[in-house]
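Here the structure comes first, spelled out in structure tokens, and everything after it is commentary.
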Amino acid sequence: MSENFKLLKKDGEARRGELVTVHGTVQTPLFMNVGTVGAIKGAVSTEDLENIGCQVELSNTYHLHVRTGDDLIKRFGGLHRFMDWHRPILTDSGGFQVFSLASMRKIKEEGVTFRSHIDGHRIFMGPEESMRIQSNLGSTIAMAFDECPPAKAERNYVLDSVARTERWLLRCKAEMERLGLLEDTINRKQLLFGINQGAVYKDIRIENAKRISELDLPGYAIGGLAVGETHEEMYDVIEHTAPFLPEDKPRYLMGVGTPANILEAVERGIDMFDCVYPSRNGRHGHLYTHYGKININNAKYAEDDRPIEEGCGCPACRRYSRAYIRHLHKAGEMLGLRLCVLHNLYFYNHLMEEIRYSIDAGEFAAFKKKTLADLSSTER
RNA sequence: UCCUCAAUAGCUCAGUCGGUAGAGCAUUCGGCUGUUAACCGAAGUGUCGUAGGUUCGAGUCCUACUUGGGGAG
């Protein structure tokens, strides 16, 4: 049994677990709230996150390195102290930016050269650089530096890319071990998670999963999904790959996804999620409810006196009407964005709580079926 | 009273040499999956102030009128 992860119960392939870290223990399955630059976009404070029931906050290595600088954050005692958030933080390695900033980077064996998206200056990041930055940030969980190939990537490219990402993983592990011994390292118990890749090629995914599992890392992620493939392809990859990741380690599906995606992935043995959807869609006025998504900008809500979702305990639903929130959006008021983001984050964290209860009760399959049906309902 | 400038989409305005109209915003709807995203995309909307005239053809040139801005008295 891993010292950091306790698998409490299985209900089919769905898992209830507990992840123990130096920043506290969190309950899985869980959703991590994406705050790329050390803030959830939409004027959401760490106090808000606590009130909403957020267990883990996620930030980004590349973005914090470019602005304001991980060295500065280290001088503040790390990201936890800098942003005054004391529950776990997971830092993404910058690997996703290899994908999302594809037009401004060049990949080599040593690492990746980026053009800064801020001012165009040259930035080199390889496994060691990513580990050092994440060490400076002092995050609870550091992600391995990987390449995230697009879904449509050709098989031979993916084979080369995955092999390189595996070599990078060994370098990440070595650098992490070295940093863990240094006197001035902020979090010497930082957990390194490896990342499975292989696009939609199941055999590549499986072979990669087997090899990285041998490294006995404290957690493993499935990356490179939700980047252009269909939902069916994504579920298929998860279903066939997850069994080859260690049973006694947390499994994190990176960047996913919709409430339905999460239910399907939990059913296939995933424990951790993150996605920009609740925050980004919130800013864009798209709100999640148990009865489907609503676009608060739609004219039909102009005189709707109901809350976003009846019975929701979020700060927006406890006080404000759809009509008022729509008005705020239309007026370009930041409060409109904020209330929508708070609602969506609450919805996601609350959904995870419901998932955990249902697994505890051994009723996940029924819960999933009912929730999926409700989510596709047209009653708003 | 005279001189002058203007009048085109809901709003603010483009509109070439005369060839039957466009933009931004607004409106309506859609998209966003380890955030380059309070973003991006699509759609709808016109008696071109009114009435005449010139011309094969007028938003465009001419005349009168209406309304508004500025100026003179």
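Throughout, protein chains are lettered first and strands after them, A, B, ... in sequence-line order, and every chain is numbered starting at 1. Quick note: numbers below take in every heavy atom, side chains included, and nothing from hydrogens, waters or symmetry partners.
Defined by atom type and a distance below 3.5 Å, a donor-acceptor pair is present between the side-chain atoms of A:Glu147 and A:Ser161. Between the side chains of A:His290 and A:Asp374, not a single donor N or O lies within less than 3.5 Å of an accepting N or O. In this model, no donor atom of one side chain and acceptor atom of the other lie less than 3.5 Å apart for A:Asn33 and A:Asp274. Of the N and O atoms on the side chains of A:His63 and A:Thr36, not one donor lies less than 3.5 Å from an acceptor on the other residue.
Remark: A:Ile40 CD1 to A:Trp85 CH2 distance equals 7.5 Å, nearest 0.5 Å.
Applying the salt bridge (charged side-chain N to carboxylate O under 4.0 Å, His left out) rule to A:Arg188 yields no partners; only residues at least two apart in sequence or on another chain are considered. Legend: residues meeting salt bridge (charged side-chain N to carboxylate O under 4.0 Å, His left out) with A:Glu267, ordered by chain and number and at least two apart, are A:Lys368. Residues that satisfy the side-chain contact (heavy atoms from CB on, under 4.5 Å) test with A:Leu30, not counting sequence neighbours, are A:Val26, A:Thr28, A:Met32, A:Gln55, A:Val56, A:Met272, A:Arg356.
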Here RNA chain B, pairs taken as Watson-Crick or G-U under 3.5 Å and shown with ( ), [ ] when crossing and | when to another strand, reads (((((((..((((.....[..)))).(((((.......))))).....(((((..]....)))))))))))).
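Distance noted for atom P between B:C11 and B:A37: 36 Å (whole Å). Annotation: B:G49 and B:U60 have their C1' atoms spaced 16 Å apart (nearest Å). Taking the C1' atom of each, B:U50 and B:G59 are spaced 15 Å apart, rounded to whole Å. With both ends at atom C1', the span from B:G31 to B:C13 equals 31 Å, rounded to whole Å. Between the P atoms of B:C48 and B:A7, the separation comes to 14 Å (whole Å). Between the P atoms of B:A9 and B:U45, the separation comes to 14 Å (whole Å). Nucleotides B:A21 and B:C62 place their P atoms 22 Å apart, quoted to the nearest Å. Taking atom C1' on both B:C40 and B:C32, the two are 8 Å apart, rounded to the nearest angstrom.
RNA chain B lies under 4.0 Å from no heavy atom of any residue of residues 233-243 of chain A. Shown for residues 111-139 of chain A: residues whose heavy atoms fall under 4.0 angstrom of RNA chain B, namely A:His117. Near RNA chain B, meaning a heavy atom under 4.0 Å away, there are no residues from residues 156-175 of chain A. Near RNA chain B, meaning a heavy atom under 4.0 Å away, the residues from residues 57-70 of chain A are A:Leu58, A:Asn60, A:His63. A heavy-atom distance below 4.0 Å to RNA chain B is reached by none of the residues of residues 340-349 of chain A.
Partner A:Tyr62 forms a ring pair (Phe, Tyr, Trp, His ring centres under 6.0 Å) with one of A:Phe124, A:Phe114, A:Phe145 and no other, that one being A:Phe114.
Within 4.0 Å of A:Leu90, counting heavy atoms only, lies no atom of the nucleic acid at all. Among the heavy atoms of the strands lying under 4.0 Å from A:Asn298 are primed sugar atoms or P, OP1, OP2 only; no base atom is included. Contacts of A:Gln197 with the nucleic acid, taken as non-hydrogen atoms under 4.0 Å apart, include base atoms. At a threshold of 4.0 angstrom between heavy atoms, the contacts of A:Asp274 are confined to the sugar-phosphate backbone, with no base atom among them. A:Gly224 comes within 4.0 angstrom of a nucleotide base, judged by non-hydrogen atoms across all strands.
Judged as a side chain to side chain donor-acceptor pair (under 3.5 Å), the pairs with a partner in residues 91-101 of chain A (not counting sequence neighbours) are, in order, A:Asn60-A:Gln97, A:Thr91-A:Gln134, A:Thr91-A:Ser139.
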Candidate pair A:Met176 and A:Cys172, rule side chain to side chain contact (heavy atoms under 4.5 Å, CB included), full reasoning: CA-CA 6 Å; A:Met176 170 76 72; A:Cys172 285; 6.0 Å; no
Do A:Ser135 and A:Leu179 pass the side chain to side chain contact (heavy atoms under 4.5 Å, CB included) test, and can you show the C-alpha distance, the side-chain angles, and the key distance before you say yes or no? CA-CA 7 Å; A:Ser135 175; A:Leu179 292 163; 3.8 Å; yes
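The six-membered or imidazole ring of A:His80 lies near that of A:His23, with a centre-to-centre distance under 6.0 Å. Between A:Phe273 and A:Tyr252, the distance from one ring center to the other does not fall under 6.0 angstrom.
Nucleotides of RNA chain B lying under 4.0 Å from heavy atoms of chain A occupy a range whose first and last members, 5' to 3', are B:U27 to B:C39.
Taking the six-membered ring for Trp and thresholds of 30 and 60 degrees, A:Tyr235 and A:His231 have ring planes inclined between 30 and 60 degrees apart.
A donor-acceptor contact shorter than 3.5 Å is absent between the side chain of A:Arg15 and the backbone of A:Pro250. Put simply, the side chain of A:Tyr220 gets close to the backbone of A:Ile212: a donor and an acceptor are under 3.5 Å apart. When atom types are taken as modelled, the side chain of A:Arg338 and the backbone of A:Ala43 share a donor-acceptor pair closer than 3.5 angstrom.
Listed here is the closest heavy atom pair of A:Ala199 and A:Leu225: O-CD2, 4.4 Å.
Comparing A:Met334 and A:Cys148 along RNA chain B, the residue whose closest nucleotide (by nearest heavy atom) sits nearer the 5' end is A:Cys148. Heavy-atom distances to RNA chain B give each of A:Met104 and A:Arg326 a nearest nucleotide, and the one nearer the 5′ end belongs to A:Arg326.
For A:Glu154, the CD atom is loosely surrounded, since the number of other residues' heavy atoms within 6.0 Å does not exceed 12.
With contacts defined as side-chain heavy-atom distances shorter than 4.5 Å, the pair A:Tyr277/A:Tyr348 qualifies.
A:Tyr201 belongs to a hydrophobic cluster with A:Val158, A:Leu159, A:Val162, A:Ile204, counting contacts under 4.5 Å between side-chain heavy atoms of Ile, Leu, Val, Met, Phe, Trp and Tyr, direct or through other members.
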